[in-house]
Every structure is written in C-alpha cells, then in structure tokens.
Amino acid sequence: MKYVVVFYVMVGSVLALDNGLALTPPMGWLTWQRFRCITDCKKYPDECISETLIKRTADKMISDGYLAAGYNYVGIDDCWMEHDRDQEGRLVANGTRFPNGMKHIGDYLHNKGLKFFLYQDYGNKTCAGYPGVLGHEKTDIDSFVSWGVDYIKLDGCNVEVSKMDSGYPEFGKMMNESGRPMVYSCSWPAYQDKPDYESIQEHCNLWRNADDIQDSWSSLTSIMDWFAARPELASYAGPGHWNDPDMLLIGNFGLSVDQARVQMAVWSVLAAPLMMSVDLDTIRDEFKQILLNSKVIEVDQDELGKQGMRVWNKSKCEIWTRELSAGFAVAFVSRRDDGAPYTLRVTFEDMKIPKQNYIVQELFDQENIRNIRSDDERFETRVNPSGVKFYKFVPGQNNEIKRSAEVIYFLE
Ligand SMILES: *[C@@H]1O[C@H](CO)[C@@H](O)[C@H](O)[C@H]1NC(C)=O
Ligand SMILES: *[C@@H]1O[C@H](CO)[C@@H](O)[C@H](O)[C@H]1NC(C)=O
Ligand SMILES: *[C@@H]1O[C@H](CO)[C@@H](O)[C@H](O)[C@H]1NC(C)=O
Ligand SMILES: *[C@@H]1O[C@H](CO)[C@@H](O)[C@H](O)[C@H]1NC(C)=O
C-alpha cells in the first residue's frame, strides 16, 4: 500500500501535457506586439497582417540566422480572418490579405524548415472581434490540421471566465485527438484572479499569466515585478510546460539597447518563450545581436528547464538567478536613472548560489572571464542605468585553475 502511495505522489508531481512538444521554451516570431491589427494594406503595405508580411519574415528568419539560432515558429496573431465563417461553418482567412489561404502559408513555412503558429480565441469572438472557436471547436481544429498548423495560441476574450477551467482542457483534448502534434498556448490564467496552475500546467504547453506587454520600459519592468512577486509560479514550469511573460520588445521603439538586454536576460532567467515581434527587414544591428546571442539563448533553453526568479532587490538594483544543468545564470539589473554605471558588491548569499569556486563569464561580452573563489567575500560588478550584466557561473574544478585552463573551459 505504501508503495502505491509513493508511486502516486511521484506521478502526480510530474503530471504535464504529454505531446512531446516545447521541451524547452518555444522560440519564434509573432505579429502582435509590433504589427497589432493593421489591416489596411493600401496605407501600410509593409505592416498589414498579410501573406506578404509572413513570407518576407520567413525569408529573413533563414537569411539572417534566426532559424539557425533556434527561432523556428512564425506566428500570425489576431486579425487574419474574414468576419464570417463559410457556408460549412469553417474559418476563412481574409481573402485580400491572404489570397492563397492558410494552407499555402503552412506549406511556405514548412518548405523553409519553419513551423506555423496561429492565433485563435476560446470565446465567441477573438479580442479584435473576428470569429472565435466557441461552438465550432472540432471544425476549427480540423481546419488547423488541414493547414499544417504547429502551434495554437488560444486567447480568452468573449467567453465566461468560469467556463475556462473545463473549456481549455476540453479543447486540448480535441487537439490531441486530431493526431497532429500542436503546441498549445493558453491565455486561460491571464483572465482569472486565482488560476488553477496545477490544472493549467497539466493541459497546456505554455500559458500567458498576465496582461499584454507594451512597447516601453515601464511595461517591461511591471511584468518583471509581477513575476518577482509570485516566485511560486516557477514551480509550475518545466520541460513541456512554461510560464509566458509575453513577447520580446527587442528592436522596436520603446527600449534602449541596454533595456533590450535586460529583457533578453530576465526572460532567459524566467525560462520564457522567446517570441520576437519586430520588423526583421529594418531591425538595427545592435538589437539583432541581442536576439541572436547564442550564450543567452543557451541559458533560456537550458535542458534542466528550471525557471529562475528575482532573489535580491536593493538600491534600485536587482539580482535574478536561475539554476542551470551546469552552474547558474545570474543577471544584475539596474533600474536606476542616475548617470554613471552603478557598482554592486554582493555575496554568494545575495546571489543565492552555493559558495564554491566558479569560472564566470559575462554573456553580452561586456567583460573578461573571471575566476571566482569560494573564499571571496564579494562579487563586484558595475551596471549601466536601466541596464544589465548577465553572468554564467560555472563551478570550477579546484582552487588552482590556471588562467589558460579557465579560458579553454569556456571555449570548448
Ligand atoms: C480583408 O482585408 C481587406 C484589406 O486589408 C480589408 O479591406 C477588409 O475589410 C478585410 N476583411 C475583413 C473581413 O476583415
Ligand atoms: C456566445 O454566443 C451565444 C450564442 O449567440 C450566446 O448565447 C452567448 O451568450 C455568447 N457568449 C458570450 C460570452 O458572449
Ligand atoms: C495525445 O496524448 C497522448 C497521451 O498523453 C500522447 O502520448 C500523444 O503523443 C498525444 N498526441 C498528440 C497528437 O498530441
Ligand atoms: C524591492 O524591495 C523593497 C524592499 O524590500 C520593496 O519595498 C520594493 O517594493 C521592492 N521593489 C519591487 C519593485 O518589488
């Protein structure tokens, strides 16, 4: 009997959506944050939600190295549909902006080695007022399958919140029964005061926890504060099931280069999906380098899948720490606005990492590699106003590591 109980507890603690997908946080590109619901292609030909936008983005994902860096989903958020279903009750893509329909988009992406991410809404209507899936769930899933969709974001506008606890799992079950593996992103908790995260992590690959991100430092920091205030959320994240603090603002209008690095670092500590939402044809090189930083992406995609959190907050500076399969990622974020970079001198305890020898590398290449010893009293760093220093602490072998050996360790 005791044996059975132990077995049950073990199984219970790892109950999660078992579709083999999103074993690391999904990466890709999505229309909403940058392109919203722009539908006037006459006035804004380069920005309207259309086949043209998706194809030129897909081409850039390949030619500029985003796919090679791991960004493989290309997503169309709201505003892709006609206002009415067809005579068989099926969803129809806007005929002017998607003249070849959605299967054509799926084929185009798949031929380039990319995956197709599509938005819908659990309610009567999407947030922008297009038809939602409610009452047409099976028909719509059949359409997604026939178009080759690989990832569904299911929003929660225009449906009773009380219906979500049963509705999102039912839709997930129907997705599963379709036989096509599709990542399931649920906006379910974002609409609730007291989300049932046990159930959410069991039925969704990822979930939007809170409000939409906006293109500003204040929106970014308010999301950081939101997660910092809820450290318990980290326990629901793991391979196949992730919290989603929303899209990357990087490369758009609202963040400086330093602030963009803050988002990339904190999102990686949070094991967040990395969904870009930016015009890849016009993005400036310094932002592109942030999005393509392989050392930071490696932190986000760490196979242990353990979400980190804010562990320290003083003098308008913060430390965000994540345990990795080998070592720790530690981000020092400054939210100060007084001119010069600010010097921080902190202990192992402040960083919440074990006292031992480490080889320490700054992941945005702002510093040389350092050798830190277990008997060092303080770790010192200097952070730009509204900026970040982001380090990987890898345990060192012994106290006497030679300088050359230490460099080799990192280069291999
Ligand atoms: C389809 O897109 C065209 C061009 O952007 C627009 O004029 C039309 O109103 C759209 N139709 C719907 C139903 O959104
Ligand atoms: C959805 O539509 C049905 C039928 O028109 C209606 O009865 C129901 O109240 C609507 N639900 C919401 C949340 O608008
Ligand atoms: C459906 O669920 C089963 C059991 O959890 C899983 O093994 C299978 O891979 C899932 N299939 C799809 C298409 O999601
Ligand atoms: C940082 O910590 C201080 C003191 O512990 C607290 O008053 C403040 O609200 C915290 N800041 C944020 C943004 O959470």
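We count ligands from 1, going down the list as the structure has it; atoms in each ligand are counted the same way.
Of the N or O atoms in N19, none lie within a sub-3.5 Å distance of an N or O in ligand 3. In terms of polar-atom proximity, T39 is counted as a contact of ligand 1, with an N or O under 3.5 Å from an N or O of the ligand.
Between atom 2 (O) of ligand 1 and the options T96, D84, N94, the minimum heavy-atom separation is to N94. Between N176, N205, V183, it is N176 that holds the heavy atom closest to atom 10 (C) of ligand 3.
Taking a cut-off of under 4.0 Å to the non-hydrogen atoms of Y130, the atoms of ligand 1 that pass are 14 (O).
With a 4.0 Å heavy-atom cut-off, ligand 1 is reached by the backbone of H83 and by its side chain too. Of the heavy atoms in R180, only backbone atoms (N, CA, C, O) come closer than 4.0 Å to ligand 3.
Tested against D279, the residues K60, K288, R56 include a single salt bridge (Lys or Arg N to Asp or Glu O under 4.0 Å) partner, R56.
Between S268 and F390 the shortest side-chain heavy-atom distance falls below 4.5 Å. In this structure, the side chains of P26 and M275 come closer than 4.5 Å at one or more pairs of heavy atoms.
Ring-centre distance between Y108 and F116: not below the 6.0 Å cut-off. F332 and F379 have their aromatic ring centers within a separation under 6.0 angstrom.
At least one heavy atom of M81 sits closer than 4.0 Å to an atom of ligand 1. Within the 4.0 Å heavy-atom shell around ligand 3 one does not find G20.
A cation-pi arrangement is present between R230 and W226, with the terminal nitrogen or guanidinium carbon under 6.0 Å from the aromatic centre and inside a 45° cone about the axis.
The closest protein non-hydrogen atom to atom 6 (C) of ligand 3 is D18 O, 3.2 Å.
Between W29 and F35, the angle of the ring planes lies from 30° to 60°, which puts this pair in the tilted group.
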